[in-house]
Amino acid sequence: MRTRHHLENTQNFLRDDRLARELVRKAALSQTDDVIDIGAGDGILTDALASAAGTVFAVELDGRYVEQLRKRFHDRPNVVVFAADALLFPLPATPYKVFANIPYRWTSAIVAKLTSGTSPSV
């Protein structure tokens, strides 16, 4: 089980709102896209995604950030926050896109899940 201390040692947070908006803009999302935001953290990418996509599924393991996300997006009906490990999170059966700022240590495992699941994101 990953502890909070372990998470803090492996997370690298995006802090620049402008950069987040630019990354999302380059992803060319539409209002019909469902997006899984893996490792949503404090919601900088989630906020940019919510403005560009249809539904954003913000998946976050750290309970402190889950509460922050729920407070921050309580009035954004297109953002759904999940307190979950991305490796255990059930992938949708319908088309979806993924946007993520995940700890480097978990990148390979998460990419493997996304590309080999019943509804791969590639």
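For this chain, numbers begin at 1 and follow the sequence in order. Here the structure is a predicted model, which is why all the values come from computation and not from measurement. What you see below is based on every heavy atom in this structure, not just the backbone, and it leaves out hydrogens, waters and symmetry mates.
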Who passes side-chain contact (heavy atoms from CB on, under 4.5 Å) against Ala109, sequence neighbours left out?
Leu87

Heavy atoms only: give me the nearest Lys71-His74 pair and the separation to one decimal.
O-ND1, 2.8 Å

If you look at every heavy atom in Ala53 and Leu29, which pair is closest and at what distance?
CB-CD1, 4.4 Å

Quick check: closest heavy atoms across Tyr96 and Val98, and the distance to 0.1 Å?
CE1-CG2, 3.7 Å

With hydrophobic residues grouped by side-chain heavy-atom distances under 4.5 Å, do Trp106 and Val111 end up in a single group?
no

Interatomic spacing from CZ in Arg21 to CG in Leu49 - rounded to 0.5 Å
12.5 Å

Quick one, Phe99 and Val24 - any side-chain contact, counting heavy atoms below 4.5 Å?
yes

Check whether any side-chain heavy atom of Val80 sits under 4.5 Å from a side-chain heavy atom of Phe73, and report yes or no.
no

Minimal non-hydrogen separation, Asp33 against Ala28, with atom names:
OD2-O, 4.4 Å

What pairs meet the ring pair (Phe, Tyr, Trp, His ring centres under 6.0 Å) rule with one or both residues in residues 75-94, with sequence neighbours excluded?
Phe82-Phe89

Which value, rounded to the nearest 0.5 Å, describes the distance between Ile110 atom CD1 and Ile36 atom CD1?
11.0 Å

Distance col, row Ser51:OG vs Gln31:CD, nearest 0.5 angstrom, shows 8.5 Å

Closest non-hydrogen contact found for Lys113 with Leu88 is NZ-C, 3.7 Å

Applying side chain to side chain donor-acceptor pair (under 3.5 Å) to Thr32 and not counting sequence neighbours gives Ser30

Residue list, salt bridge (charged side-chain N to carboxylate O under 4.0 Å, His left out) with Glu67, at least two apart or on another chain
Arg70

Decide yes or no on side chain to side chain contact (heavy atoms under 4.5 Å, CB included) for Leu91 and Leu114, but give the supporting numbers first.
CA-CA 8 Å; Leu91 298 175; Leu114 293 171; 3.8 Å; yes

Which donor-acceptor pairs under 3.5 Å do side chains of residues 41-48 form with protein atoms, sequence neighbours excluded?
residue, atom, partner, partner atom, Å
Asp42, OD2, Arg15, NH1, 3.1
Thr46, OG1, Asp37, OD2, 2.4
Asp47, OD1, Arg76, NH1, 2.9

For Ile38, is there any backbone N or O sitting under 3.5 Å from a side-chain donor or acceptor partner on Glu60?
no

